[in-house]
> 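Quick one: the structure is below, questions incoming.
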Amino acid sequence: MEERKSVHVRSGDTVKVLSGKDKGKQGKVIIVSPKEGKVIIEGLNIGKKHVKPRKMGKPGGIISVERPMYSCKVQLVCPKCGKATRIGHKILSDGTKQRQCKKAGCGEAF
């Protein structure tokens, strides 16, 4: 039986990198892969990829691409206070869940 996995960030969220070569940098999440527990962040964790020319006239070479990183290495940035924060969930009266900032004095829902 396959276990359901979830990731604390979504596509479009702004996150801060907690560890690795891009520690302290912020970027926007492009792709989330819950099955692997990884995210791809725009402009961060850049790696080189060797590309072979496939079609006539199309050049090959070495290109830079964003590589996936584990979601546990990133933390969500609150849109109101602008700080990296853990997120809590608030259950609304209609039964839906809403994410909220856990920083003291903020509590912004997003």
Side-chain angles (χ1 to χ4, degrees):
M1 192 160 115
E2 198 171 306
E3 192 177 316
R4 187 176 151 237
K5 297 177 183 177
S6 63
V7 180
H8 67 284
V9 291
R10 299 176 187 159
S11 295
D13 285 343
T14 303
V15 293
K16 184 177 182 179
V17 180
L18 300 176
S19 65
K21 64 181 181 181
D22 292 319
K23 181 179 178 177
K25 294 181 183 175
Q26 289 187 6
K28 186 178 171 185
V29 176
I30 304 170
I31 299 167
V32 177
S33 176
K35 191 173 183 181
E36 297 172 330
K38 294 185 177 186
V39 293
I40 297 177
I41 304 165
E42 189 176 19
L44 298 178
N45 202 27
I46 301 292
K48 300 288 185 184
K49 184 176 181 181
H50 295 257
V51 179
K52 195 174 181 179
R54 293 288 175 193
K55 293 182 182 175
M56 193 69 156
K58 193 169 184 180
I62 302 169
I63 60 168
S64 297
V65 291
E66 289 116 352
R67 296 287 184 181
M69 66 170 34
Y70 284 105
S71 63
C72 62
K73 292 187 173 201
V74 298
Q75 200 168 34
L76 194 68
V77 175
C78 176
K80 183 183 175 189
C81 62
K83 296 178 184 174
T85 180
R86 291 182 177 182
I87 56 170
H89 293 282
K90 182 179 182 182
I91 299 172
L92 303 175
S93 58
D94 62 346
T96 58
K97 265 204 264 187
Q98 192 173 35
R99 301 186 298 173
Q100 78 180 65
C101 179
K102 295 285 271 185
K103 285 283 178 194
C106 184
E108 174 72 15
F110 49 93

> Between atom OG1 of Thr96 and atom NZ of Lys90, what is the distance when rounded to the nearest 0.5 Å?
10.5 Å
> How close do Tyr70 and Glu36 get, heavy atom to heavy atom, and via which atoms?
CE2-O, 4.0 Å
> Which atoms form the tightest heavy-atom contact between Pro53 and Pro59, and what is the distance?
CB-C, 4.1 Å
> Rounded to the nearest 0.5 Å, what separates atom CG in Leu76 from atom OG1 in Thr14?
8.0 Å
> For Ile87 and Lys102, which heavy atoms make the closest approach, and how far apart are they?
C-CG, 3.7 Å
> Tell me the closest heavy-atom pair linking Val32 and Ser11, and the distance in Å.
CG2-N, 3.7 Å
> With sequence neighbours left out, which residue pairs that include part of residues 59-87 fulfil the salt bridge (Lys or Arg N to Asp or Glu O under 4.0 Å) condition?
none
> Is Cys106 close to Cys78 at the side-chain level, that is, under 4.5 Å between some pair of heavy atoms?
yes
> For the side chain of Ser71 and the backbone of Val39, is there at least one donor-acceptor N/O pair under 3.5 Å apart?
no
> Hey, can you pull the donor-acceptor pairs under 3.5 Å for the side chains in residues 15-24, sequence neighbours left out?
from: Lys21; atom 1: NZ; to: Ile46; atom 2: O; distance (Å): 2.9
from: Asp22; atom 1: OD1; to: Lys25; atom 2: NZ; distance (Å): 3.3
from: Asp22; atom 1: OD2; to: Asn45; atom 2: N; distance (Å): 2.5

> Looking only at non-hydrogen atoms, find the nearest pair between Lys48 and Ser64 and report the distance.
NZ-OG, 3.2 Å
> Quick check on the hydrophobic clustering: are Val7 and Met69 connected, directly or via other members, by side-chain heavy-atom contacts under 4.5 Å?
yes
> Tell me if the CG atom of Leu92 is crowded by more than 12 foreign heavy atoms within 6.0 Å.
yes
> Would you say the side-chain atoms of His8 pair up with the backbone N or O of Gln75, donor to acceptor, closer than 3.5 Å?
no
> Show which residues join Val51 in its hydrophobic cluster (side-chain heavy-atom contacts under 4.5 Å, direct or indirect), or state none.
Ile63, Val65
> Of all the heavy-atom pairs spanning Ala84 and Lys103, show the shortest one and how long it is.
O-CE, 3.2 Å
